[in-house]
Amino acid sequence: YVGRELGSPSPADRSIARLREQIAPFKTLPLWNTELYYLFETDSTNDYFQGRGNADQAARRFLTDLGEGVVQSASIHTQGLWMLLLTPNLSCSDGVLDQLPSPIFVTYNALARHFEGAKPAGKWRYPRQVIAYGYRDRENAPLAALWNYGKRDGVFADLSGFDVLDLFGNPVQAGKLPVTAAPYFLRPGKLAEAEFYERLGKLTITTPQPVAAAGVVRLAGTTLFIGLRNDGGESVQAVVGFRGGGLVAVGPARVKLAPGEEKTVELQVRESAGSDGPAEVMIVTNGHTFRKAVEVLRNPAARGGETIRMTSPDGKLRASATLAVKAGKLAVSIEVEDRTDAGELGGRDFWEGDSVELFFDREPEALSGEHPSVYRPGTFRLFLLPREPAGKQLHIWGNAIMPDEVKTVVTPAPGGYAIRLELPLPPGNRLGFDIKVNDAEAPGQKAVRSANWSGSPESFRNRCVFGMIEFNSTNEVKK
């Protein structure tokens, strides 16, 4: 459910490829998309009812499944085929009183006319998250679909020579056209079939701004981290600034990016009462200034060896943690004041009993891609269960670390417990980190309170809310 679109955290085409690998032993088994309504990405994986999605969302899902060789695409609810009531507060059985076709109805009509019975015939990826799929229709004639799955503004393609239709099947004057999330349907027109596919393979995507900024920036102390990517075909030099959200950059940063290169820029910022407008990254390239609205995530920051303290909202649960370099390892010391022993977990989940959750990110500065907050290969979680017997106190989620790389000692203490861990050092001098302590008051009872460093409930799925620990040579703890 996180692979609904090509631009999803788990891209739709990769999800389909993984499923195809799983059914490969059953050579005669076709691949069907039997899900209902999952058309577009949302913040919640449980948000399944998307029967009233937009026409472009329905078209993209249909064309992606068809281009990847799926023999049936996702269904939508019949409500999506009809126009909504003009009185949204009035409830009736299906939300429609008159059978007035919706934009989705018209789009599916166009898809049926041009693509029903078609077979996949090619796939081309371009810069700026633009993609084209080639097909052969039911008459074996070539056709294609082109769209921008990154949903970026200011992206263009020269479609001269093609017969171009919009997603409703209306003809569009060929030439330099904006490429948006709404697919174009392409026919050869006067082009020979070989030339049609050749032009698709050599299609040039242009934009006045080759440098893209991630939609999330991170603030740790006075350092702001901004992720950049060069989507252009040539090296580019850029000047980067920031303003808004109560912050202003002390000075700009200059950066050079090779084609396709991703890089994180660090800016020193200060609080500014005059900068309380929307936060935006400013990028100057080739004499032009572009602005990108961003979300600022304010992360707690500490230095190696510094004690981190946290308290539950009701003040009944207190904990502290220290991370330092010791003999070439990362040493983590945790002290928890918890006067109620909730016993072994039994049937409770890890976070429902007395437990400590640790979140680690070995690349906290990395902010590349369309989904910078998604866990990366260097992100992992540890669960420490102090009430369990020895050998069952450590559990690892993620593939970035193996059990034999972690040494754990859990010691009961008056009014609580202490935990000591030793694990490999991060590759750089910064580590993304969060800690959450959970407290249940009796055996079999679920946790009634918790305390965490970041203050965010999103650490389980958003690495960009972790705090940052910075290490240097003075953080070394002698034996």
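Worth knowing before you read on, the calculation uses all heavy atoms, side chains too, and leaves out hydrogens, waters and symmetry mates.
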Would you check if Ile469 and Ile308 make a side-chain contact, meaning some heavy-atom pair closer than 4.5 Å? yes
Taking the side chain as every heavy atom from C-beta outward, state whether Phe471 and Leu431 have any pair of such atoms under 4.5 Å apart. yes
Can you label the angle between the His114 ring and the Phe185 ring as parallel, tilted or perpendicular, going by 30° and 60°? tilted
Centroid-to-centroid, Phe359 to Phe433, below 6.0 Å? no
Whether the Thr223 and Gln268 side chains hold a donor-acceptor pair (N or O, under 3.5 Å, no angle test) is what I'd like checked. yes
Measuring from atom CZ of Phe156 to atom CD1 of Ile205, what distance do you get when rounded to the nearest 0.5 angstrom? 11.0 Å
Phe242 CZ to Leu219 CG distance, which is reported to the nearest 0.5 Å: 8.0 Å
Testing Val239, Val240, Val211 for side-chain contact (heavy atoms from CB on, under 4.5 Å) with Thr285, which one passes? Val211
When you compare the side chain of Thr107 with that of Phe62, does any pair of heavy atoms fall below 4.5 Å? no
Checking the side chain of Lys263 only, and the main-chain atoms of Ala258 only, is there a donor and an acceptor separated by less than 3.5 Å? no
Main-chain N/O of Glu365 paired with Thr264 side-chain donor or acceptor, under 3.5 Å: yes
Tell me if a side-chain donor or acceptor on Asp13 pairs with a main-chain N or O of Thr64 at a distance below 3.5 Å. no
Check whether any side-chain heavy atom of Pro171 sits under 4.5 Å from a side-chain heavy atom of Arg187, and report yes or no. no
What do you reckon, are the aromatic ring centroids of Phe380 and Tyr375 less than 6.0 Å apart? no
Can you tell if the side chain of Leu165 reaches within under 4.5 Å of the side chain of Asn170, non-hydrogen atoms only? no
Does a sphere of radius 6.0 Å around NZ in Lys119 hold more than 12 heavy atoms from other residues, nucleotides or ligands, not counting ones at 6.0 Å or beyond? no
If only atom types and distance count, is the side chain of Asp166 paired as donor or acceptor with the main-chain N or O of Phe168 below 3.5 Å? yes
Could you tell me whether the side chain of Arg376 and the main chain of Asp361 form a donor-acceptor pair under 3.5 Å? no
Backbone N or O of Ser160 within a donor-acceptor pair of the Asp158 side chain at under 3.5 Å? yes
Decide, yes or no, whether a salt bridge links Glu271 with Arg298 under the criterion of side-chain N to carboxylate O below 4.0 Å. yes
Nearest-0.5 Å distance that lies between atom CG in Asp434 and atom CH2 in Trp453: 7.5 Å
Return the orientation label for the Trp351 and Trp397 ring planes: parallel under 30°, perpendicular over 60°, tilted otherwise. perpendicular
Residues passing the salt bridge (Lys or Arg N to Asp or Glu O under 4.0 Å) test with Lys436, sequence neighbours excluded, are Glu357
Can you check whether Leu421 reaches Leu382 side chain to side chain, under 4.5 Å on heavy atoms? yes
Treating Arg243 as the side-chain partner and Ser275 as the backbone partner, does any N or O pair qualify as donor plus acceptor under 3.5 Å? no
For the atom pair OH (Tyr135) and NZ (Lys123), what is the distance rounded to the nearest 0.5 Å? 10.0 Å
Donor-acceptor pair, Arg218 side chain versus Met468 backbone, under 3.5 Å? no
Taking the side chain from Ser355 and the backbone from Phe350, do they hold a donor-acceptor pair closer than 3.5 Å? yes
Between the main-chain N or O of Phe162 and the side-chain N or O of Arg199, is there a donor-acceptor pair closer than 3.5 Å? no
Could you state the interatomic distance from CZ (Arg381) to CZ (Phe360), rounded to the nearest 0.5 Å? 12.0 Å
Measuring from atom CG of Asn230 to atom CD of Glu262, what distance do you get when rounded to the nearest 0.5 angstrom? 10.5 Å
